[in-house]
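For reference, positions follow the sequence shown, starting with 1. Computation of the quantities below employed the complete heavy-atom set of this structure, encompassing side-chain atoms and omitting hydrogens, waters and symmetry-equivalent molecules.
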Amino acid sequence: MNTVITGASSGIGAVAALDLAKRGHRLVLVGRDPARLAGVADRVGSIAGTPADVLVADFASLDQVRRLARELLDRCQRIDVLINNAGMMVGERRITEDDNELIIQVNHLAPFLLTNLLIDRLRACGARVVTTSSRAARAGRLDPGDLSRERRRWNGWLQYGDSKQANALFTVSLAERGLAATCLHPGVLKTGFAADTRYMRLVTRMPGMSEPVAAGAGRIVHLATHEDGVAHPGRYFARNLPVGVPSRMSDPALAEALWRASLTATGLGPSAADS
């Protein structure tokens, strides 16, 4: 199995990569920190016998995502699993060089663009697409006409919820277009994610409020390797089970509106992936 995993330089992405290497997957690790990626690749190599391939890309730049897609198509004649795991949350509003709010770009628009640029290869290989969402999606109030929250109140957690809701709706749209796409809540984990926020400091310090990184990584690996990853297209998983979600995470009409808005925001316009 040839597996591409983004956000692989640390946290659940790195741990999932090591687990997949033990299962015989050939890995391409994607992240923005070359040194950390190299370290994970070496650890994969100690398991698999040869280091994983490494590609560096910062999802705050859509040009870097386009370059990443070209490199993946050049290197990988097969892609059996694409794991869209890169994500972030920041406490202050930032605008990218592509004129998008940073959180929605890194968490949704960049993986949307990458997946669409790879979609013909993914279809040809019958690939799985696994996207790391979050239970924060349940509180999201995504507006496809205002992805960057220019006309609504912004704070980091509100936008994070919108971006994770976008992950769930993107999964619905991919399934509608024939891909074995699933998404998941990895759990509230003891990682460095949003470590400077009061909320994450609280939940990671209180007994019973958070889980080890390996628990979240294992849930990604489950969908990448288990029959559930193909048997439940379009579904959202928690603790390795498909679960019901609010309509704003599953509504096909809202998912389609988001798809169209994302095509515009990423500069794709009408494409074969839209058919």
Task: Non-hydrogen side-chain atoms of Asn2 and Val28 separated by less than 4.5 Å - done: no
Task: Test item: Trp259 and Glu176 side chains (from C-beta on) under 4.5 Å apart, heavy atoms - done: no
Open item on the list: Checking one residue: Leu258. Which other hydrophobic residues are in its cluster under the side-chain 4.5 Å linking rule?
Closed with: Ile104, Leu109, Leu142, Leu147, Leu169, Leu254
TODO: Verify the distance criterion only: is there a donor paired with an acceptor across the side chains of His108 and Ser262 at less than 3.5 Å?
DONE: yes
- [ ] Please check if atom CZ in Arg149 has more than 12 non-hydrogen atoms from other residues, nucleotides or ligands closer than 6.0 Å.
- [x] yes
Task: Atom of Asp162, atom of Arg141 and distance for their closest heavy-atom approach - done: OD1-N, 2.8 Å
Task: Set of ring pair (Phe, Tyr, Trp, His ring centres under 6.0 Å) partners for His222, sequence neighbours left out - done: His226
Open item on the list: According to side-chain hydrogen bond (donor to acceptor under 3.5 Å, both in side chains), does anything in residues 68-80 pair up with another residue at least two apart or in another chain? List the pairs.
Closed with: Arg67-Glu71, Arg78-Asp80
- [ ] Classify the ring geometry between Phe170 and Phe112 as parallel (under 30°), tilted (30 to 60°) or perpendicular (over 60°).
- [x] tilted
TODO: Would you mind telling me which of Thr132, Thr115, Thr171 makes a side chain to side chain donor-acceptor pair (under 3.5 Å) with Asn84?
DONE: Thr115
Task: Over 12 foreign heavy atoms within 6.0 Å of CZ, Arg121 - done: yes
Open item on the list: Do Leu179 and Ile119 have side chains that approach each other closer than 4.5 Å (heavy atoms only, starting at C-beta)?
Closed with: yes
- [ ] Provide the closest heavy-atom pair for Val15 versus Ala217 in the form atom of the first, atom of the second, distance.
- [x] CG1-CB, 3.6 Å
